[in-house]
Every structure is written in structure tokens, then in C-alpha cells.
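Data block below; observations after.
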Amino acid sequence: MSASLWLALVGAALMISLTPGAGAIYTMNNAMSAGWRRALWGIIGLQLALIVHILVVGAGIGLLVAKSPLAFDVIRYAGAAYLVFLGAQKIVLSTRDAPEGPEIPAAATRMRMLTRGFWVNLLNPKSLLFFLAFLPQFLRADQPLPTQYLVLIGTVIVIDVLVMWFVFAAAARQFARLVRSAGGRRIMDRAFGGVFIALGVVLAVV
């Protein structure tokens, strides 16, 4: 991959990562509820799903999914249902009494954040279709494809991790003081729960 093409890839990846979506909201929620450092585990989960999407598209399966209304709808509704489930869970948790203080809930474990981040991104068909249109622009048939995929995956992931952690998670960190009380955490849980449900509904109907 030439330097000019790689710089174009960097610019495109930055614009993609800076566009708010389910991953960004999920990252901000983790940063506010579990802390800026632990939010990294959810971000890692998001990146694992991105790798799967890129490999699926590279293998040609993504094209088949894009051309099959049934396969696309299955992924779309599964993703919508998962976002609604996460939102409902947040709202239900907000109705329970929580102790005062900045203690991190036991449910906010590293593996749980990683797993949820993975499913939030994996069950997003828009990401799959985006990579179908995105990848061919930065691949050259006259050059080794494995090397190009490694460069592409590495670039996209590094940029997305930096944006998610140092932009979205860092921004949420500024509001951490709002959730130091039980009342603040309830408001946050209900707010993020409502956003997750709204995203799920949008994904299902758009």
C-alpha cells in the first residue's frame, strides 16, 4: 500500500470512528459506569467484531449477505433486539437501590464488557455493508492481498481504539462526577437505556 493510499485510509477511518453510533454510546456508558480505564475492555470487544466483519467481507460472505434480504434482516433484527435488551436491562437496574459512593457495580466485569462490545458491533449489518463499499477502495489486485488486509485491519483498529478511548470515553469521563451518587447512577442508567432502545428501534425500522 502506497503512502498516499494509506493516508487516505487514515482519513477515512478517522471519519468513520468519529461518527457517533452504538459503539460510541456503549463506550461512553462503560466509561461513566465502570471508569475510563476499564472501558478499554468494551472497546476491545468492538474491535474483535470489526476484525470479523473485515474477514467476512474479504472472504466474500459479506457480499452474499448483502444480496440476501433474509440474511440481512436476520442480522438486522438480531442486532436491534440485542440493543433493546441492553437498554431494558439498564432501565431495570436503575430501579434497584444502589449504595452511595463511586463503587463499580460487580456486573461491570472486564469479560462482560468485552463480550457485549463484541455483540454490539457484530450484530450491526450497517458495518458489514459499509466494509463492502469501503474495503475495495484501498485494495490493489496487483499487490499481495494478505499484506494489504493486515495493514488495513491494523490501521482501522488502532484509529478506532484511539478515538473510542481518547474521544468518546474521555468525554464521558468528564461527567463521571454525576454518577457518584445512587440518584446520579439511576439517571444515567435510564438515559443510556433509553438511547440503546431507541437505537435498536431505528436499526429495526430503517
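Computed over heavy atoms, backbone and side chain alike; hydrogens, waters and symmetry mates excluded. What you see is a predicted model, and the numbers here were worked out from it, not measured in a lab. Quick note: residue numbers are just sequence positions, from 1.
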Shortest non-hydrogen separation from A31 to A169 and the atoms involved:
CB-O, 3.6 Å
If I compare all heavy atoms of D160 with all of S17, which pair ends up nearest, and what's the gap?
OD1-OG, 2.8 Å
Test side chain to side chain contact (heavy atoms under 4.5 Å, CB included) on I25 and V120 and set out the steps.
CA-CA 10 Å; I25 294 172; V120 163; over 6 Å; no
Quick one: do F118 and V52 satisfy side chain to side chain contact (heavy atoms under 4.5 Å, CB included)? Show the steps, please.
CA-CA 10 Å; F118 176 79; V52 172; 4.1 Å; yes
Least distance between heavy atoms, M28 atom then F168 atom
CG-O, 3.4 Å
Determine the minimum heavy-atom distance between V156 and L9, stating which atoms define it.
CG2-CD1, 4.5 Å
Work out which heavy atom in N121 is nearest to a heavy atom in H53; give both atom names and the distance.
O-CE1, 3.0 Å
Hey, could you give me the CD/CD1 distance between Q47 and I153, rounded to the nearest 0.5 Å?
11.5 Å
Less than 4.5 Å apart, side chain to side chain, heavy atoms only: is that true for I43 and N30?
no
Among residues at least two apart in sequence or on other chains, which ones pass side chain to side chain donor-acceptor pair (under 3.5 Å) with T147?
none
F166: partners by ring-ring contact (aromatic ring centres under 6.0 Å, His included), with sequence neighbours left out:
W36
Within one Ile-Leu-Val-Met-Phe-Trp-Tyr cluster: L5 and L150, side-chain cutoff 4.5 Å:
no
Can you tell me how far the CZ atom of R38 sits from the CG atom of L114, to the nearest 0.5 Å?
12.5 Å
Say you draw a straight line from CD1 of I51 to CG of L46; how long is it, rounded to the nearest 0.5 Å?
11.5 Å
Roughly how far, to the nearest 0.5 Å, is CE of M164 from CG of L18?
9.0 Å
Does CH2 in W119 sit with more than 12 non-hydrogen atoms of other residues, nucleotides or ligands closer than 6.0 Å?
no
Spacing of Y149 atom OH and L55 atom CG [to the nearest 0.5 Å]
8.5 Å
Is any side-chain heavy atom of M113 less than 4.5 Å from a side-chain heavy atom of Y26?
yes
Working to the nearest 0.5 angstrom, can you tell me the gap between T155 OG1 and L152 CG?
6.5 Å
Looking only at heavy atoms, the pair that brings A78 and L123 closest together is O-CD1, 3.9 Å
